[in-house]
Amino acid sequence: KSSTVDIGSHSGLLNNGRCMKQNILTAVITVIVGVIVAYFTYVLNKEVFDVRYTLSEKIPTKIIDAQAVENVQQLVVKNNGNNSVSKIQIKIKRNIEKTNILKHSLSDIVTERMSNGYFEATYPELPPGGFFTYSFKTLAEGISKTDMEIRHSKGEVKDALSSGSKTIA
């Protein structure tokens, strides 16, 4: 007896196997692309709260016997994040003689309190890219960064000129 093999039936099985591999590969690629798109959408839409400040050095405005007895300093607070921040609170443990503020918007209502060597101000809201500037007239000692605490509703305001890295003690 001679045996005959139906070549057509074997080639059909091979084609079905190739189609199945191709379908699985297409599904895997689709899932990978979907995950990548979802990741980038998350990263691009992630809320970033990054508010920074700079404090100028003391600039003497009154000098008596070669000693500065009155100074001016400037504090700039800027929102570098991609979301508005609210309730920016500035606390300074120093005598402030006089303040002047350049607001982000003229309609912003800032509350200020000064008493016995303590100054506190609350700025209502800053949009992304927004900033405000305070000028302080102080006595001889001036304001140092250790005298200040600046916060907003979502966290702490950081010194713009610091490295942001932790130091090793």
Side-chain angles (χ1 to χ4, degrees), residues 30-169:
T30 303
V31 168
I32 291 172
V33 169
V35 168
I36 290 171
V37 168
Y39 173 75
F40 280 112
T41 301
Y42 169 76
V43 168
L44 293 175
N45 292 319
K46 183 179 177 188
E47 291 183 342
V48 175
F49 298 100
D50 183 17
V51 184
R52 307 274 175 149
Y53 77 88
T54 55
L55 178 66
S56 74
E57 293 293 323
K58 298 182 294 187
I59 301 168
T61 57
K62 187 187 268 185
I63 299 174
I64 297 176
D65 294 331
Q67 294 290 324
V69 294
E70 190 178 89
N71 299 294
V72 175
Q73 285 181 272
Q74 187 176 57
L75 173 70
V76 178
V77 178
K78 183 173 184 187
N79 182 1
N80 294 323
N82 64 4
N83 273 342
S84 290
V85 292
S86 60
K87 298 177 185 170
I88 300 147
Q89 186 178 49
I90 302 166
K91 295 179 181 180
I92 301 174
K93 297 172 191 157
R94 283 284 181 205
N95 278 322
I96 307 290
E97 296 291 310
K98 185 179 177 184
T99 65
N100 188 22
I101 186 169
L102 176 61
K103 301 175 187 177
H104 175 73
S105 173
L106 292 175
S107 63
D108 290 344
I109 298 172
V110 180
T111 58
E112 294 180 351
R113 289 193 318 230
M114 282 192 274
S115 68
N116 299 337
Y118 187 78
F119 171 81
E120 185 176 321
T122 303
Y123 199 89
E125 185 172 358
L126 266 182
F131 68 94
F132 64 90
T133 304
Y134 257 107
S135 297
F136 297 107
K137 186 178 190 181
T138 63
L139 298 176
E141 69 272 359
I143 303 168
S144 70
K145 292 176 184 177
T146 58
D147 298 327
M148 295 189 332
E149 179 184 338
I150 308 176
R151 302 190 53 75
H152 57 85
S153 61
K154 300 290 184 181
E156 194 171 339
V157 177
K158 299 174 189 144
D159 180 3
L161 304 178
S162 70
S163 66
S165 61
K166 296 181 179 179
T167 59
I168 300 172

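Every heavy atom of this structure was used, including side-chain atoms; hydrogens, water molecules and symmetry mates were not.
- The number of heavy-atom neighbours closer than 6.0 Å to CZ of Phe49, taken from other residues, nucleotides and ligands shown, is above 12.
- The salt bridge (charged side-chain N to carboxylate O under 4.0 Å, His left out) analysis of residues 102-119, with sequence neighbours excluded, yields the pairs Arg113-Glu120.
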ask   = Given the rule in the side-chain contact (heavy atoms from CB on, under 4.5 Å) test, do Leu75 and Ile143 qualify, once you have shown the distances and angles that lead to the verdict?
value = CA-CA 10 Å; Leu75 173 70; Ile143 303 168; over 6 Å; no
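- Within the 4.5 Å cutoff, the side chain of Asp159 has heavy atoms near those of the Tyr53 side chain.
- Nearest approach of Phe132 to His104, heavy atoms of both residues: CB-N, 4.2 Å.
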query = So Asp50 and Arg52, side-chain contact (heavy atoms from CB on, under 4.5 Å) or not? Walk me through it.
reply = CA-CA 7 Å; Asp50 183 17; Arg52 307 274 175 149; 2.7 Å; yes
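- A ring-centre distance under 6.0 Å is found for Tyr134 and Phe119.
- Although no hydrogens or angles enter the test, the distance criterion places a donor-acceptor pair under 3.5 Å between the side chain of Asn79 and the main chain of Pro127.
- The 12-atom threshold is not exceeded at NZ of Lys98, counting heavy atoms of other residues, nucleotides or ligands nearer than 6.0 Å.
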task = Decide side-chain contact (heavy atoms from CB on, under 4.5 Å) for Thr138 and Ile96; before the verdict, give the C-alpha distance in whole Å, the side-chain angles of both, and the deciding distance to 0.1 Å.
result = CA-CA 5 Å; Thr138 63; Ile96 307 290; 4.0 Å; yes
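- Screening Ile109, Ile90, Val110 against Tyr123 for a side chain to side chain contact (heavy atoms under 4.5 Å, CB included) leaves a single residue, Val110.
- For the salt bridge (charged side-chain N to carboxylate O under 4.0 Å, His left out) condition, no pair includes a residue of residues 78-89, sequence neighbours left out.
- In this structure, Pro124 and Ser86 have side chains that are not in contact, with every pair of non-hydrogen atoms separated by 4.5 Å or more.
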